[in-house]
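Quick note on labels: first sequence line is chain A, next is B, and so on, each numbered from 1.
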Number of protein chains: 2
Amino acid sequence: MTTEQVATPRPLRKDAARNRELLIEAAREVFARRGLEASLDDVAHHAGLGVGTAYRHFANKYELASALMEQTIETIVNSAEQAMLVDDPWEGLVAFLEASLVVQTADRGLREVLMGVHDPQKMAQVHDRLFGPISELLHRAQQSGAVREDADATDLGFINGMMCTVADMAGDSSPDLWRRYLTMCLDGLRPGGTAFPTAALSEPEFRDAMANHKHTLTRTTKDTSAGQDAPAKAATPAS
Amino acid sequence: MTTEQVATPRPLRKDAARNRELLIEAAREVFARRGLEASLDDVAHHAGLGVGTAYRHFANKYELASALMEQTIETIVNSAEQAMLVDDPWEGLVAFLEASLVVQTADRGLREVLMGVHDPQKMAQVHDRLFGPISELLHRAQQSGAVREDADATDLGFINGMMCTVADMAGDSSPDLWRRYLTMCLDGLRPGGTAFPTAALSEPEFRDAMANHKHTLTRTTKDTSAGQDAPAKAATPAS
DNA sequence: TTGAAGCGGAGGCATGATCTCCGGAAAGCC
DNA sequence: GGCTTTCCGGAGATCATGCCTCCGCTTCAA
């Protein structure tokens, strides 16, 4: 319908193209190490470029970051699909979790996106794409008797979240520590375990929880209950 | 040695005393719900008082918060000691974890203090007091054959951290969800599980990890590597 | 009744992130 | 080489936000 040439209005000058690549590379490193708390200014400096250059190429850090993440997220979705091809259902499930965590633990910015720290919508999109494959993986493992029947797909989401926490806590000095706790959790997913005292979240509940998730130290909505439930004027009544 | 009367220089006027109590009560609620991100201003408004009043009573929010927490932390230490009195070593261990998590999951500010979000020193103090009792609880359980031999006291620290994450994620709508995942983790602590692929952190390593723990979205040290590893001047060489 | 103690909250100070602007430096075409 | 276009750099404007002070007014209590 429309012309195809829209993608290349002008070829971009040589230095500009090079700097753009430098920026993307720098962003990858900076966001992976410090998360999206890093500013475009930081990225620019890390690339050895001026701030202006960065803002000329990308409107803001989220534009840059989401371009970067898109690709990685695709990787995760793919690994879910590939895990379905593994013969042993349990192995498949484990393979997926590990593959997905290898990527996540290496990239703090990605963890933040996946946990919906900055943009719940973005995260919701990702979950849309992942929920189906993950459910399948789980059900297949349950039908084969490898996973307890009362486990739920949202459990895998929480396990993922817990591993991210471990990665955050352990930091660069023990980058593989999460594997220890994943092993522990997976043993707890096997049949014959203690009955769960609490029901799993349903998928919509899970979605909600992630969206409203008050990340430690994230800016939250102001305290709107100010004074309403407190004695009006307290110890200084009007008369 | 010194006189005892230092504690009461002046009796504090009636309204002042009352407002002080109101502030403490408000702080308890506000910090529990929103964590230490809340400002003294927030606490004051929640108490129905002016900001000035708050600052007259407490130099800053940390002074107020740590006074508040002290008491709760004591509770946790006590519950560790009481857990040693439980006959069944496994039950004792579980009882301690649950008791400590009941307190923590109900109070986001406490979680932050215990995770060392704001003040690593404070956290270190708490860990000093907890490490001994927790180790004992664990070893006793291991000797009774209830817990796998290769589990470590630091594992309990990470399990605790993971449960806090669950609590953060689940929020107020599912305040007990952590029990589900604690059950899962505890099953994974039982003897006969899959071999761990990674060694546990040693206690000093654990301490370090907590102290340097880059909490999601916490302000961190600036990127000091700016430009050093990047091509100097990039696409704009000096001549 | 009257001075001391306490209150409220506007606003000053500090921090830090985001993004703009424009003089000057390449790039690329002739 | 000359000349236009594109791009660069980074100081600093703008905005957001949190912390805390200050001072005119209110309330307490002797």
Note, B:M163 side chain near B:R179 side chain (heavy atom, < 4.5 Å):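 They are not in side-chain contact.
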pair B:S135-B:E203: side-chain heavy atoms closer than 4.5 Å: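 The answer is no, as the side chains (C-beta and beyond) never meet within the 4.5 Å cut-off.
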Shortest side-chain distance from A:Y55, nucleotide among D:dC8, C:dG6, C:dT20: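 Selected nucleotide (nearest to the side chain): C:dT20.
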Nucleotide of D:dC7, C:dA5, D:dC19 approaching B:S39 most closely (side-chain heavy atoms):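 Nearest to the side-chain atoms of B:S39, counting from C-beta on, is D:dC19.
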Go through the side-chain N and O atoms of [X] and [Y] and say whether any donor and acceptor fall under 3.5 Å apart.
X: B:S39; Y: B:D42; result: yes
X: B:Q82; Y: B:S79; result: no
X: A:Y181; Y: B:D155; result: yes

Within 6.0 Å of CG in A:D128, more than 12 heavy atoms from elsewhere: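 Yes, the 6.0 Å shell around CG holds more than 12 heavy atoms from other groups.
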Quick one: [X] [atom1] to [N] [atom2], roughly how many Å, whole number?
X: A:H45; N: D:dG10; atom1: NE2; atom2: P; answer: 7 Å
X: A:D42; N: C:dT18; atom1: CG; atom2: C1'; answer: 12 Å
X: B:R18; N: C:dG6; atom1: CZ; atom2: P; answer: 15 Å
X: A:D15; N: D:dC7; atom1: CG; atom2: P; answer: 8 Å
X: A:L40; N: C:dG16; atom1: CG; atom2: P; answer: 19 Å
X: A:E37; N: C:dT18; atom1: CD; atom2: C1'; answer: 15 Å
X: A:E21; N: D:dC8; atom1: CD; atom2: C1'; answer: 17 Å
X: A:L49; N: C:dA26; atom1: CG; atom2: P; answer: 14 Å

Ionic contact status for A:R20 with A:E25, cut-off 4.0 Å: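 The answer is no: the pair does not qualify as a salt bridge.
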Test: A:K122 and A:E112 ion pair at under 4.0 Å: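 Salt bridge between A:K122 and A:E112, a charged N being under 4.0 Å from a carboxylate O: no.
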With 3.5 Å as the limit, what N/O pairs link the protein to nucleotides 11-14 of chain D?
none

Pairwise distance OG1(A:T154) to CD1(A:I134) - rounded to 0.5 angstrom: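 The CD1 atom of A:I134 is 10.5 Å from OG1 of A:T154, to the nearest 0.5 Å.
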C:dA27 base / A:R13 side chain donor-acceptor hit below 3.5 Å: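 No pair found.
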Strand-adjacent residues in residues 56-64 of chain B, judged by heavy atoms under 4.0 Å from DNA chain C: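 Residues of residues 56-64 of chain B under 4.0 Å from DNA chain C: B:R56, B:H57.
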